[in-house]
Peer 1: 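My questions will all concern the structure given below.
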Amino acid sequence: MSGFSAFRLLREALRGQSGWGPQWRSPEQPQPAYDVVIIGGGGHGLATAYYLAKEHRVGRIAVLEKGWIGGGNTGRNTTIIRSNYLFPESAALYDHAVQLWEGLSQELNYNVMFSPRGVLMLAHNVHDEQSFRRHVHANRLAGVDNEWLDAEACRAFCPPLDIAQQRYPVLGGALQRRGGVARHDAVAWGYARAASALGVDIIQNCEVTGISRGADGAVNSLATTKGEIRVGKVGVVAAGSTSLVMAMAGVRMPLESFPLQALVSEPVKPVFPCVVMSNTVHAYISQSDKGELVIGAGTDQYPSYSQAGGVQILSHTLEAICELFPMFRRMRMLRSWGGIVDTTSDRSPIIGLTPVPGLFVNCGWGTGGFKATPGSGHVFAATIARAEPHPIAAPFSLDRFATGRLIDEAAAAAVAH
Amino acid sequence: MVLIHCPWCGDRAELEFRHCGEAHLVRPADPAALDDAQWAEYLAFRDNPRGWARERWRHVHGCGRFFNALRHTLTDRFAATYKPGEAWPEPPA
């Protein structure tokens, strides 16, 4: 496997594109033993494996994926990237990710199509406005860009937005210009390719069915559908299925899993220049480079593992989209889907050590994990390698539910991600 | 949208109800006697099963009363709903 370059693109153009091979190794069978095994081959798991291989000397690494890489929430989200969270701990974590996003295509030699086109969060009432202005001030104190736009400035930034309609009046919005979108599949593929080049084994169609612990209590082997694997350390990055995987090691988690839905329209020419989110009416929208409008809806009200949600949730979101952007009333929707998101009671993730020696967990990203992919993998890799929390990850420990040091982004109106 | 059988009102649309989390959680009689980990267990840690789940629901846009339900979290099928204080039914085979 060789790198991508303008010269290589030109050469392949002249050779009928016949020289491209597989971009990563995907061995059918795992080795009998690894020093570190990551359970879950989504963006976060692959990023973790990549940074482990690149920045830490931990020996042999494998990523085990029940289905195919990037087939879970990595391929099901609305690809929004931003870091304008209220609390300093969150802003540090998500801004760490944004900084990595900015150089990620070069880092991986793979075009993840990161497009910082700006994320505009709309305020529809006085409470929204006060809350967002507070976010703007908190973000600027934390060194994260965020600015307040009045209604006219919102329309200038996003011309399709109807600020005069009566149903959901727009009082203004908070704009993070460094925010934007990226190509979700390319993130999984880029990390897989770069990790594979550094020697990481990516084992697909390999479900973990049991976690064994030795006499000292530490994890020592995994039972999988492709045989038993002896392990030194295990990182669980299984999103909606985290409770089920952790239960195999006898660990209960403060998580509940919900379906979160999204949908895309038929592709049209470029009409939508940015990302617009409305927490109050729970709709968010951007346009992919393929031309589809990408629309995010809310979670269902009850836990489910069905990867499909209630139709009334989608219809509520589309009503809001049609009110805010009347020009989209005649757009046809192509498809909708659900992903299973693992939520914590404070809506902040859990990254760190567990009561079981050698077992680490990265979960609880809820409805907004995609944006954190590079940062999450980077700090989790350091946490696994050193067996102590990375400074940015430290506040997001599992024991915060016992100490009471919650990072309550749920109360900070981060309804939508 | 699913139909949910309220033990008092009968079959109603899902929109009339609110899900209220895992059922049969009992508040510790003497919270001061617990350590932090035990209190966290009560407050935040949940079974989150894939399969049959025992849940608390409230008919919030109806009679307003709480009840419990046995629901499958992959199919959303309700096997039973029952009044508070009643023993939970066994999941279907």
Side-chain angles (χ1 to χ4, degrees), chain A residues 66 207 238-248 250-259 299-316 338 340-348 350 354-355 363-364 366 397-408 410, chain B residues 1-6 12-25 28 31-62 66-81 91:
Chain A
K66 181 170 76 171
E207 181 177 357
S241 298
T242 300
S243 293
L244 309 174
V245 176
M246 294 299 283
M248 295 174 194
V251 180
R252 258 163 75 85
M253 296 298 292
L255 295 171
E256 290 187 297
S257 297
F258 292 88
T299 57
D300 277 32
Q301 66 153 329
Y302 48 81
S304 171
Y305 287 85
S306 64
Q307 289 192 326
V311 176
Q312 76 274 15
I313 309 281
L314 291 178
S315 118
H316 173 73
I340 304 305
V341 300
D342 44 326
T343 57
T344 58
S345 52
D346 62 358
R347 297 296 185 271
S348 288
I350 299 166
T354 71
C363 65
S397 67
L398 180 57
D399 67 9
R400 74 173 185 269
F401 297 92
T403 63
R405 295 190 65 84
L406 301 180
I407 302 159
D408 202 356
Chain B
M1 180 111 49
V2 295
L3 278 180
I4 300 175
H5 184 83
C6 170
R12 298 294 182 92
E14 172 192 333
L15 282 181
E16 294 188 13
F17 296 86
R18 180 163 302 156
H19 176 263
C20 300
E22 195 173 309
H24 302 291
L25 296 177
L34 303 183
D35 63 22
D36 288 348
Q38 290 167 326
W39 187 240
E41 177 71 24
Y42 165 68
L43 282 185
F45 287 72
R46 296 294 179 257
D47 287 343
N48 199 20
R50 181 165 65 190
W52 292 105
R54 292 188 292 262
E55 301 178 320
R56 198 161 183 243
W57 285 75
R58 187 175 177 213
H59 193 186
V60 62
H61 298 301
F66 285 94
F67 59 93
N68 293 325
L70 187 65
R71 183 181 64 93
H72 197 281
T73 60
L74 263 178
T75 62
D76 288 345
R77 187 180 146 216
F78 282 77
T81 55

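The chains referred to below are lettered A, B, ... by the order of the sequence lines, with proteins before strands, and numbering in each begins at 1. Computed from a predicted model, the values in this text were never measured in an experiment.
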Peer 1: Side chain, backbone, both or neither: which part of B:Glu55 has a non-hydrogen atom closer than 4.5 Å to chain A?
Peer 2: side chain

Peer 1: Which atoms of A:Gln301 come close to chain B, meaning under 4.5 Å heavy atom to heavy atom: side chain ones, backbone ones, both, or neither?
Peer 2: both

Peer 1: Identify which part of A:Leu244 has an atom lying under 4.5 Å from any heavy atom of chain B, answering side chain, backbone, both or neither.
Peer 2: side chain

Peer 1: Between CD of A:Glu256 and CZ of B:Arg46, what distance do you get to the nearest 0.5 Å?
Peer 2: 6.5 Å

Peer 1: Say you draw a straight line from OG1 of B:Thr73 to CZ of A:Phe258; how long is it, rounded to the nearest 0.5 Å?
Peer 2: 11.5 Å

Peer 1: With a cut-off of 6.0 Å (strictly less than), are more than 12 heavy atoms of other residues, nucleotides or ligands near CZ of A:Arg252?
Peer 2: yes

Peer 1: Based on non-hydrogen pairs under 4.5 Å, which of A:Ser304, A:Pro259, A:Gly310 is most in contact with chain B?
Peer 2: A:Ser304

Peer 1: Heavy-atom pairs under 4.5 Å with chain B are the metric here; pick the option from A:Asp300, A:Leu255, A:Val311 that has the most.
Peer 2: A:Leu255

Peer 1: So which heavy atom on A:Ser345 is nearest to which on B:Ala44, and how close?
Peer 2: OG-CB, 4.4 Å

Peer 1: Can you classify the ring geometry of A:Phe401 versus B:Phe45 as parallel (below 30°), tilted (30 to 60°) or perpendicular (above 60°)?
Peer 2: perpendicular

Peer 1: What distance do A:Ile340 atom CD1 and B:Leu74 atom CG have between them, rounded to the nearest 0.5 Å?
Peer 2: 8.5 Å

Peer 1: Is A:Pro303 close to B:His19 at the side-chain level, that is, under 4.5 Å between some pair of heavy atoms?
Peer 2: yes

Peer 1: Which atoms of A:Ser241 are under 4.5 Å from chain B, going by heavy atoms: the side chain, the backbone, both sets, or neither?
Peer 2: side chain

Peer 1: Among B:Val2, B:Leu43, B:Asp47, B:Leu15, which residue forms the greatest number of heavy-atom pairs with chain A at distances under 4.5 Å?
Peer 2: B:Asp47

Peer 1: Identify which part of B:Arg71 has an atom lying under 4.5 Å from any heavy atom of chain A, answering side chain, backbone, both or neither.
Peer 2: side chain

